[in-house]
Structures are given as structure tokens and as C-alpha cells.
Q: 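I have a structure I would like to understand better, so I am pasting it below and will then ask my questions one at a time.
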Amino acid sequence: MNNPTRNIRRSFSSVWIRCVGGVVAGMVAWMIMAAPLTAQIALRADTVHTMTGDPIINGVVLIEGSTIADVGPADAVTIPEGATVYEGTVITPGLVDPRGTVGLSGIYNVDSDQDQLDTTAPMQPELRAIDAYNPQEELVAFLRDQGITTVHTGHGPGALISGQTATFKTTGETVDDASLSDISALSMTLGPAATQRFSSPGTRAKGAAMLRDMFLQAERYRDTPEDERERNLSMEVLVQVLDGEIPAFIQAHRSHDIMTALRIADEFGFNLVLEGAAEAYLVTEEIAEAGISVVLHPPKIRPFGAAENAQLTTAATLHEAGIPVAIQSGYEAYVPKTRVVLFEAGVAAANGLPHEAALASITRTAADIIGQSDVIGTLEPGKHGDVVLYNGNPFEYVTSACTVVIEGEVVKEDGCP
Amino acid sequence: MLSNQIRQALLIAVGVLGLWAADTAHAQDDPHVFRGATIYTMSGDAIDSGALVIQNGEILDVGPAGAVDVPSGAVEVDASGQVIMPGLIDTHSHIGGVSGGDGSSPLHPGVRTIDGINVRNSGIMRARAGGITAVNVLSGSGHLMSGQTTHLKLRDGSTIDDLLLCYEDSDICGGMKMANGTTPQRDSGPFPGTRAKSAAEARALFLEAEAYRDQLNSDDPPDRDLGMEGLVEVLNGERIVHFHTHRHDDIMTALRLRDEFGFELVLHHVSEGWRVADEIAEAGVPASIITLDSPGGKHEAVNLYFRNGRVLDEAGVDVSYHTDDPITDSRLFLRSPAMGVRAGMDRTAALESVTIAGARQLGLEDRIGSLEPGKDADFILLSGDPLSTYTRVNETWVEGMRVFDRSNPDDNAFFTGGYRIFDGTMHHVHDINE
């Protein structure tokens, strides 16, 4: 089945070299797209968290087409006539889930909707998230309703190298509609989760040795002239990691697994983002010194298994140490099938993480860590029109996202009780 | 007959000894008065700057500061700026590393969870840190009937006897766990493979129990049968059935079984309760429900929404929330009713759902669940609004004894967690953390 949007994009990009029919098709497409592009939305709230400075009291965010046109105090922003106006108590940028598996792991939790982990081999960098992400997954819509407008998702924990991740807006009918970045990171795991499902590695040390060996191979591949090597899907991705084009997201909960992640990243010089990191509070100095970011487990993670020593105050501890910290939804094997980063950041905020830092952990810092800070994560003119309007403090249990806008499209409207 | 009498005598003796042990461990003769807090008694309007008077593990009086009787010599406690409300009641939890029936049968009416709970498990401390003072500990839902549940009072005790919460003048200290839907179904062994088979097996067991009961009252009493004895208590209305059920049609099946055999029923989880709220209300059956952060995770929970509590309450169903710990964490129990309010649930109904409604669903509303003279001195001191994300449990008191004190770092660690604080026995859910 052809997707109309996709066809439109194609005809757009090649309009100059197409026949007259193509030009006409392109013009029709332009006319169809022009309507939403000129739409104007103004959102006003008592407090607007732009995430670029102090919150604006009684502020307005103006969206034209798909991007933000203006942000400021209500008396300084002119709301054009005809703009649709939404009012509420608090505004934040669209929320960013910096690491989940939603869209690969579906709501029913049966084999046919669980694609976050292939267990046929312990290292499969060639597995692409875009070949598995279901943008019409119900859990994606659920997260969108809670104010999450961007998800960095893909292959989950559970293998040394489980595959790639990608970044999606929580709208769109096809993966191409939804994609912000087709490949965002390589998903890796250290600790017992990486040794349980395979005949090898069966131990931590063997896992580390296998990873190092893989990176050695990748170095050789990179250093071999293109005409002297055959294309290798795995190696191509690992070279992207070695060249710093994408980071490695390594899940490690135990402090010694965290240190192993730091050691291997140091040896091969790739960009590391630590994820999970339940025992990060034990090695805070080492993490700070390494200058890396942490995409922390959901604070409500069950204190069990490798995360049995998780602490509700870890986000605050890392923040105080100057470590950039974002909060993930992570992977859930049972119920709830996904965590919601808004809820999780609230728990972090209630346990010592300052309010603005807690908001940043699911907006600006999260966008930074996944390499999307040029388009999302703050409310600034020119950035994507991703905005959430709440009926109170977003972190309070009893308040929620009432109106959600993604790239100028209202995807939830006045949805509060 | 003789054996029955011996059993009764022994159990009563055990019960008395248990009570005696608890009383000596917790005796607190000095009256205490807590002043200045906002008090949610859950038996009337909230009281601003109220006073709560306790002695010997009971509530002596509660009311506006000037309107309570305070015995001379009462220890004065300044609780100003805090909120006092009844100790929270969790109608469905798996703390204590609880176990019930095994894989040998789908029906275990004679298995007692009292024999499978470790009160030194850190889950007990997590629950206290969350303000929970009474809890219905159940075995799992992988059986049609996985065993007898146990009511615990989270007293500071060292054995199960110290913590038992039994009905007055009774050796019954819990209910009966049942389940339907997909969880008790298996592909092999003695377990049912379909919903209809599940119902048929449960009905056959109840028929057997009815016959046993009739025989008990005859001239030719039967040999003792542990399972049948438990079920006779169920048929007599002395032991409440706590019925795990998610889908709307499974809920109706549970109601149908109740109608047929006349037992006391509380529906548990009730994920699709919003679809049959009027039917549940009409049946007069309460619902003990759960809050999950997202729907799904299994087929039966894909229609579980935050609004479930509101819809059931508005239909007239008596609603409690439960933790299902470790499914949700006892430390954040108050979050569950708050999420109901998020979806429009009445605030008072939400507060009742973790206090007096829970007490009613365990048949213990005369003793716990609200702050009234003569009731157990089970209460919590909160740092603020019970339904706020930022509110912390400052203190948890059970029968006049403080069992959690946030200002004590050793206690507080059971809230925040940390290195080697928990004992990693949250085994109920497998593979929950990679």
C-alpha cells in the first residue's frame, strides 16, 4: 500500500527534474500541506517553563505551522487574529522520553508484539529500530496522551549488543512519518541481563571480552580501505559508534558493571551514555570525572534483581554532582508495560531533584542526550511546535496534561476531567 | 468431633498467646495527645488543628483541639503543620515473601498463607514506610483458589503471631483467594484450559463443600478435611472471598458464582470494572482495584484506565485501592487513589478507598479504617496533603506504637532504598527488571 504522505515527500524532493505531471502533483501536495502549515495556535498559562531560563509568569507560546514562532510574557506576544487559543495553568515543552522500548514492545505483551530483543545472538548491532517500530502501537498513543511527544526507543536491554535505537515523534502513521532520527544509538547491556539468555557470554568477564573483541574487529574494518572489504552491516554500525556519530547506550545497574562500561568506552574512545545505573550513587565521582551523561532508571523501578539497590534519591545525587541526568521509561517485562517519564520525574522531584532539573530531565537534558537539542526540548522560536498544557504542577499526581501539541498539530485537546 | 474440639482449643490458645505477646510488646500505658494537625478521621469532615488522643493502643478521643477529653498526664505531641489520617489499609498485597498453593492442583482451599509469610521480609518495612498499618496478604493468582489469605497488622513483631489480625473472638485471620480469567489457566497438568472449565471446577468444589457442611450438621460428621473446613467458613460468610478478576465477563462470572453459593465477595483488580460498573453496584459487591502506570502488559489489562475508580465510585460501588505489592510499591500507596483523583474521582472517596473502604472489604471496619474513639490507634502523620506527590509519611503508628519514623535514618532507608537495604525477595513477578 502506498502511503500518500510518503509520495508527497518524494515528489517534493525531485520536483525540478520531474515531468509536468510531477510538478502538478507536487503543487497539489503543496496545497494540501499548506493548510496546516499556516495554522496558528496560541497557548497561554500562568507559568511557562521554556527550559531556557526562569519560567515566564503568565506566558504565551505561539505556534505557526509546525514550529514555535514566539514565546514570552502575555503582554509581549501578539496573538494573531484567528489563532486557536488554549489556556491552562502550566506549559512545558513536549516531553522527551530519552530511552524506552515502546513501539517495539507492545501493549499485549505476547510474542507477536514484542520486538525489543532478539535472542539468537548476543551481539547484533545490525538490527535497526526502524524495521520494528510500530507508530500505531496503542502504548505510543497512551504516552502521547500523558504529554510525551518524543520517544528515543528501540532495542532493549538483555543482550551485549541488542541492536539500534531511533527517535520518533509520538504521531505518524508510518515509521517515516514518525522518525526524527533513524538511528540514534547502539543499545548495549552489561551485567546479569546480558548473560542469562545465551550460552555465551555466561559471565561478566566473558561479556566484556566479547565486546572488546567486537570493537577491535570494528577498528580493523574501519581501517580497511572500502574497496578491500565487503560491506558488513554490523561493522558499519560499530564504526559509526567508533567515529562518534552515534553514542553507545549501555545499560548497567551494578556499580562494577558501570565501571566496566566506563573502562570499555575509555579504551575505544566512543561516546557513552549510561542507562539504568541503579547503583550510580556508589560511583558518582567516577561518572562525573568521565564526563558522561546518565539516562537513569525510572525512580519507581522495583528494587529487585540487578536494581535491588536502587535509591529514590539517585537523580538528585547525580544532579548535585553536576552529571547531566535524564529519566527513562526503560523496559518493562510485565505490568505496567511502559513507565511514563512524567510520573517518574515527579517522583524524582519529590525526592530531592529540584523542580527545574526534574523538568529538564524529561525535556532539555533528555533532548541533549539523544542529540536532538537543536529541534526539541525547549520552547524557543524555530524549534518544533511541541507543547504541553497542564491543569496544575505537572508533577502532582492529581494534575495532568490537558492539551498536547506536536509540530503544530493538536493531538490531545482539553482532555482533563 | 473430638479432634475438632482440640483444634479449636489449640487455635484459640494460639490466638490468645499471640494477642498477649503483641500486647506486652506494644504496651503503652501513657496517654498521648497529638495536637495541631489537620485530621482526616474518615468518619466525618476533616478537622483543622485537631487533637487525637490515644492510650493502650486505642483511640480515646479525636476532634477539634478544644473539644476533646485529654487525660491528665498525657504526653503532648506537637503535630502542627502535619496531616493525620488513619493508617492505610492495603486489601491486596504480596509482601512477606508469601506463598500459597503449588502446581499440584488449581484448588488449594486448605493452604494457609499464614504458613508461608516471613514477617522479617523487608517488604513489611516498605509497607510501614508507605503508611500501611493493615494488609491483606494473598497468595498468587495462578490458581483458581490459591489459598487462605492472611490479615496482618504491621506491628513491630518478630513472628507471624505478633502481626496477625484476626476477627474478634475468632481464629479466622483472613479470607480466601480465588482467581479467574487467563492467569489460572495453563496448557497442561491439572489446571483448567478455558474460562468455562475454570468456573465448572470452582462450582464443583463449592458443591462438595456444601455437602461437607451439611454432613457436619448431621449425625454422621465427616472426617476432618482442611480444604473443606476453609470452604465451610466461606459458605458461612465467615471468610471473605477475594477474587482476582480483570475482564468484564470474568467479573460477571465471579458475581454469578457468588449468587449461586452465597459467599461474601470482594472483586480484585477489576480492570474492566468500568464496563460493568452498574452491574457490580447492583450486586452490592465491593471492588478492590489497582492503579497501573500504563495499560497492558497482559491481555486482560489492556483496558485498565485511571478512570476506573471514578466510574465505579460514581456507580455506587464501594471502591478500595490496593498495591498488589510488588506490582505497585507499598511505599507509594497513596499515589494510587491520587491517580484516581487525577481522572476525576471524588477526593473523599479516594481517601476512603485506602482507609475505611479497605476496612469494610476485610470485614474489620469496627476496628480499623477511621479515627474514632474505641478503634485501634492506627494512624499516620504526613508532611502535607495525602494526595500530593511531594507528601511523605513522617510517622506510622500501629496500636499506639510508632513503627516507622522518617527522622530515623535506619527507618527512612526503607523508604528511599539504597545499598543492601532490601532483601531482594520481591519474587512474585519474574524478570521484572533486566
Side-chain angles (χ1 to χ4, degrees), chain A residues 106-110 138-139 142-143 146 156-158 189 191-194 196 251 253 255 276 278-279 281-282 297-298 300-313 330-340 343-344 346-347 349-351 393 395-400 416-417, chain B residues 122 126 271 290-299 301-302 304-307 310 324-329 331-332 334-345 347 350 385 387-392 413 415-434:
Chain A
I107 191 169
Y108 290 97
N109 206 20
V110 293
E138 286 174 58
L139 285 177
F142 172 79
L143 291 182
Q146 316 309 316
T189 307
Q196 281 162 355
Q251 192 206 61
H253 277 308
S255 59
E279 294 181 4
Y281 61 88
L282 295 175
H297 60 79
K300 287 199 277 93
I301 194 171
R302 296 174 179 115
F304 175 87
E308 67 185 359
N309 296 323
Q311 207 165 26
L312 289 172
T313 48
Y331 169 69
E332 290 292 337
Y334 186 44
V335 298
K337 194 52 196 166
T338 182
R339 298 283 177 181
V340 179
F343 305 164
E344 299 300 331
V347 172
N351 287 278
N393 175 351
F395 292 146
E396 284 288 5
Y397 297 144
V398 298
T399 58
S400 45
C416 284
Chain B
S122 60
R126 279 193 298 107
S271 300
I290 189 167
T291 293
L292 291 176
D293 278 12
S294 62
K298 60 178 180 177
H299 207 290
V302 297
L304 174 56
Y305 303 119
F306 298 134
R307 67 173 186 272
R310 168 174 62 80
D324 200 6
D325 192 303
I327 299 298
T328 72
D329 198 315
R331 293 176 288 171
L332 298 176
L334 278 165
R335 182 174 181 274
S336 292
M339 295 301 278
V341 172
R342 181 192 196 96
M345 188 178 190
R347 188 180 151 86
D385 175 2
L387 301 182
S388 169
T389 311
Y390 300 93
T391 294
R392 283 284 314 274
F415 179 80
T416 59
Y419 197 65
R420 292 190 175 164
I421 301 300
F422 301 125
D423 47 22
T425 49
M426 298 173 76
H427 60 95
H428 180 67
V429 181
H430 301 286
D431 294 331
I432 49 178
N433 296 325
E434 286 298 327

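Reminder, nothing fancy here: chain letters follow the sequence lines and each chain counts from 1. The analysis underlying the following values was restricted to heavy atoms, covering all of them including side chains, and did not include hydrogens, waters or symmetry mates.
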Q: With a 4.5 angstrom heavy-atom cut-off, which part of B/F306 approaches chain A: side chain, backbone, both or neither?
A: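 Contact with chain A is through the side chain of B/F306 alone.
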
Q: Would B/R392 pass as a cation-pi partner of B/F415, given that its NZ or CZ must be under 6.0 Å from the six-membered ring centre and within 45 degrees of the axis?
A: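 Yes - B/R392 lies over the ring of B/F415, closer than 6.0 Å to its centre and within 45° of its axis.
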
Q: Give, as side chain, backbone, both or neither, the part of B/R310 having an atom under 4.5 angstrom from any heavy atom of chain A.
A: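 Interface part for B/R310: neither.
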
Q: Between B/D293 and A/K337, is the closest basic N to carboxylate O distance under 4.0 Å?
A: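 Judged by the 4.0 Å cut-off on N to carboxylate O distance, A/K337 and B/D293 do not form a salt bridge.
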
Q: Does NZ or CZ of B/R335 lie under 6.0 Å from the centre of the six-membered ring of A/F343, at an angle within 45° of the ring axis?
A: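 The answer is yes, since B/R335 meets both limits relative to A/F343.
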
Q: Could you state the interatomic distance from CZ (B/F422) to CZ (A/F304), rounded to the nearest 0.5 Å?
A: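 The distance works out to 14.0 Å.
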
Q: Can you tell which part of B/L304 gets under 4.5 Å to a heavy atom of chain A, answering side chain, backbone, both or neither?
A: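 Neither part; nothing is under 4.5 Å.
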
Q: What part of A/A349 gets closer than 4.5 Å to chain B, counting heavy atoms only: side chain, backbone, both or neither?
A: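 Its backbone and side chain both get close to chain B.
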
Q: Select one option (side chain, backbone, both, neither) describing which atoms of A/F142 are under 4.5 Å from chain B's heavy atoms.
A: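 Contact with chain B involves the side chain of A/F142 alone.
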
Q: With a 4.5 angstrom heavy-atom cut-off, could you sort out which part of A/L143 is near chain B: side chain, backbone, both or neither?
A: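 Neither part.
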
Q: For chain B, find which of A/V340, A/N351, A/L282, A/N309 contributes the most heavy-atom pairs closer than 4.5 angstrom.
A: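 Top count of heavy-atom pairs under 4.5 Å with chain B: A/N309.
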
Q: For A/E308 and B/R420, what are the C-alpha separation, side-chain angles and deciding distance, and is it a side-chain contact (heavy atoms from CB on, under 4.5 Å)?
A: CA-CA 8 Å; A/E308 67 185 359; B/R420 292 190 175 164; over 6 Å; no

Q: So which of A/T399, A/V347, A/T313 has the largest heavy-atom pair count under 4.5 angstrom toward chain B?
A: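 When all of A/T399, A/V347, A/T313 are compared, A/T399 has the most.
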
Q: Listed by chain and number, what are the salt bridge (Lys or Arg N to Asp or Glu O under 4.0 Å) partners of B/R342, not counting sequence neighbours?
A: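 B/R342: no salt bridge (Lys or Arg N to Asp or Glu O under 4.0 Å) contacts found.
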
Q: With rounding to the nearest 0.5 Å, note down the distance linking NZ in B/K298 to CG in A/N109.
A: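 One gets 10.5 Å once the value is rounded to the nearest 0.5 Å.
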
Q: What residue in A/K300, A/H297, A/E279 has the most heavy-atom pairs under 4.5 Å with chain B?
A: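 The residue among A/K300, A/H297, A/E279 with the greatest pair count is A/K300.
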
